[in-house]
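Every value quoted in this text rests on a predicted model; they were computed, and no experiment measured them.
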Amino acid sequence: LLAALRDDARASITELALIVGVSRTTVRSRLDGLVREGRIRRFTIETDLEDEDAVRAITMVELQGRMSREVIRKLRAIPEVAAVHSTSGAWDLVVELRARSLAGFDRALRELREIQGVSNSETSLLLARAPD
């Protein structure tokens with residue numbers, strides 16, 4: 001649901017229900033819960049994600065067993081998760097994190113690491129863009 005709202009914060013309840021694959025009542029209930037929990041603070045989008053003050057990172061995630069769908073679903077519920085990619089090699093997932101502050105980043109990373117099914121992770125903060 002949060003991923004769908006990131007893509008289009010102006011989507012209607014009906015559109016969100018179609019995207020997420022649940023009923024309109026379920027979308028409304030989940031939205032109300034996310035607002036109550038403070039996960040959604042405002043119904044607006046601030047598009048300058050490349051802001052110099054933003055904390056950005058790439059987190060490599062190792063999964064335990066066959067829990068990838070559930071882990072991905074929980075990752076997408078974390079507002080600071082900008083993207084989740086499956087990958088081949090030593091790590092199972094690559095997660096792009098974007099936060100407005102170090103405190104927000106720390107909270108998101110802690111939440112990511114506490115997801116059942118995440119057995120290991122390695123995070124690299126993105127500092128400055130390499131020159132062309």
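For S68, the side chain to side chain donor-acceptor pair (under 3.5 Å) criterion is met by no residue, not counting sequence neighbours. Considering only residues two or more places apart in sequence or on other chains, R73 meets the salt bridge (charged side-chain N to carboxylate O under 4.0 Å, His left out) condition with E70. In terms of the side chain to side chain donor-acceptor pair (under 3.5 Å) criterion, S88 has no residue partners (sequence neighbours excluded). Judged as a side-chain contact (heavy atoms from CB on, under 4.5 Å), and not counting sequence neighbours, the contacts of T123 are A57, T59, F105, L109, R113. The salt bridge (charged side-chain N to carboxylate O under 4.0 Å, His left out) check on R110 picks up D106, with sequence neighbours excluded.
Proximity of V71 to Q116: side-chain heavy atoms (C-beta onward) are nowhere separated by under 4.5 Å. Taking the side chain as every heavy atom from C-beta outward, V118 and Q64 never approach each other to under 4.5 Å. Within the 4.5 Å cutoff, the side chain of L1 has heavy atoms near those of the L34 side chain. M60 places a side-chain heavy atom less than 4.5 Å from the side chain of I58. Using a 4.5 Å cut-off on side-chain heavy atoms (C-beta onward), L2 and I40 make contact.
Taking OG from S121 and CG from L93, the interatomic distance works out to 11.0 Å, rounded to the nearest 0.5 Å.
Between L16 and A4 the shortest heavy-atom distance is CD2-CB, 3.8 Å. Contact detail for G104 and A99: the closest heavy-atom pair is C-CB, 4.0 Å.
Shown are I19, L18, V22; of these, the side chain to side chain contact (heavy atoms under 4.5 Å, CB included) with V27 is made only by V22.
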Can you give each donor-acceptor pair under 3.5 Å made by side-chain atoms of residues 74-85, sequence neighbours left out, with the distance rounded to 0.1 Å?
residue: E80; atom: OE1; partner: R107; partner atom: NH2; Å: 2.7
residue: E80; atom: OE2; partner: R107; partner atom: NH2; Å: 2.3

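In summary, R36 and D32 do not engage in a salt bridge, as defined by a charged side-chain N under 4.0 Å from a carboxylate O.
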> Run the side-chain contact (heavy atoms from CB on, under 4.5 Å) check on N120 and V61 step by step: do they pass?
Replying inline: CA-CA 6 Å; N120 194 15; V61 177; over 6 Å; no

> Given I13 and E15, is the side-chain contact (heavy atoms from CB on, under 4.5 Å) satisfied, shown in steps?
Replying inline: CA-CA 6 Å; I13 298 293; E15 290 169 314; over 6 Å; no

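W91 and L125 sit in two unconnected hydrophobic clusters of ILVMFWY residues. Membership requires side-chain heavy atoms under 4.5 Å apart, directly or through other members.
There is no side-chain donor-acceptor pair under 3.5 Å between S29 and T26.
In this structure, D92 contributes its side chain and E62 its backbone to no donor-acceptor pair below 3.5 Å.
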